[in-house]
Asker: 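Please see the structure below; I have some questions.
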Amino acid sequence: PWLRPFVPDFKMTEEMTMIIRQHSNTRLLLSLVATIAMYFATGAAHAEKSGKSAHENPMQNYGERHPRATTPRGLDIAELKRRRNMVRDYLTRQRAQLDIVTTTVTDSGQVIDWIRPESQIASGNLASPPPQPERPHMPDVEHDNVIPSVGELARQQHARGPAGTVPVVRRDIDEVINAMMPPEHLQDFLSKSGNTQNPANVNSIPNPGDSAHIYAHTSQYIDNLGADGLINVWNPYVQPVSEEIAYWGEFSLGQVAVVNENGTADEKETIEAGWQDFPAFYGDNYPHLFIYYTTNGYTEKGDNLGGYNRDVKGWVQYSRTTFPGMRLTSTSTYDGTQAELRIIVKYYYGNWWLYANNEWIGYYPGSLFRSDGLRSEANKVSWYGEVVDADDGYATYTDMGSGSHAAAGFRKAAYMRNLKYFEVNRGLARDYKGTPFVSDSQCYSLSTWHVSGSSWGSYHFWGGPGRINRYSTGCGGFTFVRRY
């Protein structure tokens with residue numbers, strides 16, 4: 001507790017604990033200084049929640065910093081250049097296909113291209129959104145301290161484009177190709193975690209043997225037309241990745257997925273949405289609104305096949321203020337104000353619409369999917385937290401949710417509440433009753449109260465700190481609960 005005002009992200013190691021125990025109270029100050037010195041010297045410190053990683057980007061200007069002929073993976077510089085050009089050419093082509101009216105910049109530096117909404121559809125006619133949903137109940141306890149997590153355009157009029165246009169995030173190409181070693185294949189670049197050549201990285205929905213993705217997961221098999229709920233938003237610590245490990249690095253997210261599993265594994269179809277902290281992808285250490293879809297069990301990515309946000313074709317943007325990839329400006333604080341992101345995915349007149357906080361923001365056309373799949377309905381709903389662990393032989397330090405285990409409860413652990421699904425027959429919202437699954441119960445945890453009968457309806461707490469002892473390969477050991 002004495003260290004928290006000075007080092008909010010502090011994590012104890014066994015050596016630090018021994019130092020404190022070996023000193024009397026009269027020498028406590030000196031022992032604390034020694035402990036903090038060891039903390040930074042051993043590299044056990046986490047990055048500060050300042051929006052920047054505490055570690056240097058390992059691939060930034062790699063060829064200039066390392067005159068040798070190969071990268072740490074044994075990749076020659078010519079191949080690295082080829083991969084970077086592959087990514088650069090793809091992102092350049094994607095942007096060239098947009099009919100851009102103007103470009104603006106948000107206060108955080110996100111570059112937004114503004115396009116005519118009708119330019120996204122061959123017919124020029126956008127679909128109409130569903131009616132506005134009812135507002136959910138606020139928390140029973142001190143609900144005035146619960147706020148929506150909104151994007152920058154909700155408050156920054158100067159960053160909005162002209163009337164009759166909608167926003168598309170422009171990814172900084174140089175930032176993307178320098179964020180991490182680009183993968184060999186474009187399919188890997190477009191995958192959810194960066195490397196489809198490793199079977200462990202193929203599936204986002206839990207799958208036996210999927211060691212790269214770690215979950216605090218719930219799911220319900222039920223024919224449905226979508227889902228509705230609120231996801232508690234935090235700014236988790238995401239472990240930086242060295243140049244020897246993974247292409248894309250690690251991420252932490254909270255999301256919903258509507259799924260159709262008719263057919264074989266490579267015919268699985270999903271629509272996924274929530275918040276995600278993915279430094280190598282977004283270029284910062286803040287949560288972003290994200291969407292993802294697959295039409296083929298994550299086996300192929302590309303236009304009208306599957307991928308993130310607007311990296312691939314498929315998504316149709318409708319809102320002028322809320323859009324995939326936007327940075328969320330409000331996050332939760334430990335024992336303080338809680339930020340929430342309301343997400344609804346709803347099938348409506350042939351399209352899968354997405355609602356974020358207070359408006360319908362766009363849709364995936366049902367025509368993207370198979371006739372016996374999501375073109376008509378889903379048969380599974382999942383609400384869960386997820387991290388990706390880049391395999392360096394140790395469990396990850398990456399936080400899930402708030403970084404606190406589920407047992408910590410409200411204002412400490414992340415939660416999802418008022419979780420529902422829409423029944424097929426009449427489209428009515430019904431309480432969600434998911435089956436829990438946790439990949440690694442020492443690193444992360446889950447506590448469910450589905451169909452609770454309270455104003456929170458179906459809800460659960462989820463998350464955890466990952467590995468807390470830098471000298472162990474797994475989770476366990478002594479830790480201070482992280483305070484933000």
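Here, residue 1 is the first one in the sequence, and each next residue gets the next number.
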Asker: The criterion is salt bridge (Lys or Arg N to Asp or Glu O under 4.0 Å); which residues satisfy it with Glu79, sequence neighbours excluded?
Answerer: Arg82, Arg83
Asker: Show me the pairs that pass salt bridge (charged side-chain N to carboxylate O under 4.0 Å, His left out) and involve residues 151-163, at least two apart or across chains.
Answerer: none
Asker: For residues 103-121, which residue pairs qualify under salt bridge (charged side-chain N to carboxylate O under 4.0 Å, His left out), counting only residues two or more places apart or in two chains?
Answerer: Arg95-Asp113, Asp113-Arg170
Asker: Got a sec, which residues hit salt bridge (Lys or Arg N to Asp or Glu O under 4.0 Å) with Asp431, two or more places apart in sequence or on another chain?
Answerer: Lys420
Asker: Restricting to salt bridge (Lys or Arg N to Asp or Glu O under 4.0 Å), what partner residues turn up for Asp372, sequence neighbours left out?
Answerer: Arg370
Asker: Evaluate the side-chain hydrogen bond (donor to acceptor under 3.5 Å, both in side chains) criterion for residues Trp114 and Thr104: first the C-alpha distance (whole Å), next the side-chain angles of each, then the deciding distance (0.1 Å), finally the verdict.
Answerer: CA-CA 8 Å; Trp114 293 83; Thr104 62; 2.9 Å; yes
Asker: Just jot down the side chain to side chain donor-acceptor pair (under 3.5 Å) partners of Thr218, sequence neighbours excluded, or say none.
Answerer: Tyr432
Asker: Just to verify, what does Ile222 make a side-chain contact (heavy atoms from CB on, under 4.5 Å) with, not counting sequence neighbours?
Answerer: Gln220, Asn224, Tyr421
Asker: Could Arg417 and Glu340 be called an ion pair, given the rule that one side-chain N must be under 4.0 Å from one carboxylate O?
Answerer: yes
Asker: Determine, stepwise, if the pair Gln338 / Tyr415 fulfils side-chain hydrogen bond (donor to acceptor under 3.5 Å, both in side chains).
Answerer: CA-CA 10 Å; Gln338 300 298 291; Tyr415 61 86; 5.0 Å; no
Asker: Among pairs that include at least one residue of residues 346-355, which meet side chain to side chain donor-acceptor pair (under 3.5 Å), considering only residues two or more places apart or in two chains?
Answerer: none
Asker: When you compare the side chains of Asn260 and Asn262, does any donor N or O come within less than 3.5 Å of an acceptor on the partner?
Answerer: yes
Asker: Which residues pass the salt bridge (Lys or Arg N to Asp or Glu O under 4.0 Å) test with Glu423, not counting sequence neighbours?
Answerer: Arg426, Arg430
Asker: If you measure only the distance, is there a donor-acceptor pair under 3.5 Å linking the side chains of Arg171 and Gln110?
Answerer: no
Asker: Any chance you could lay out the side-chain hydrogen bond (donor to acceptor under 3.5 Å, both in side chains) test for Gln120 and Lys313, step after step, and finish with the verdict?
Answerer: CA-CA 9 Å; Gln120 304 171 93; Lys313 291 182 180 178; over 6 Å; no
Asker: How would you list, by chain and number, every residue that makes a ring pair (Phe, Tyr, Trp, His ring centres under 6.0 Å) with His288, sequence neighbours excluded?
Answerer: Tyr282
Asker: With side chains defined as the heavy atoms from C-beta onward, is the minimum distance between Thr322 and Leu153 less than 4.5 Å?
Answerer: no
Asker: Show me the pairs that pass salt bridge (charged side-chain N to carboxylate O under 4.0 Å, His left out) and involve residues 218-228, at least two apart or across chains.
Answerer: Asp228-Arg342
Asker: Could you work out, with ring pair (Phe, Tyr, Trp, His ring centres under 6.0 Å) as the rule, every residue matching Trp315, not counting sequence neighbours?
Answerer: Tyr364
Asker: Is it true that the side chains of Glu359 and Thr321 contain a donor and an acceptor less than 3.5 Å apart?
Answerer: yes
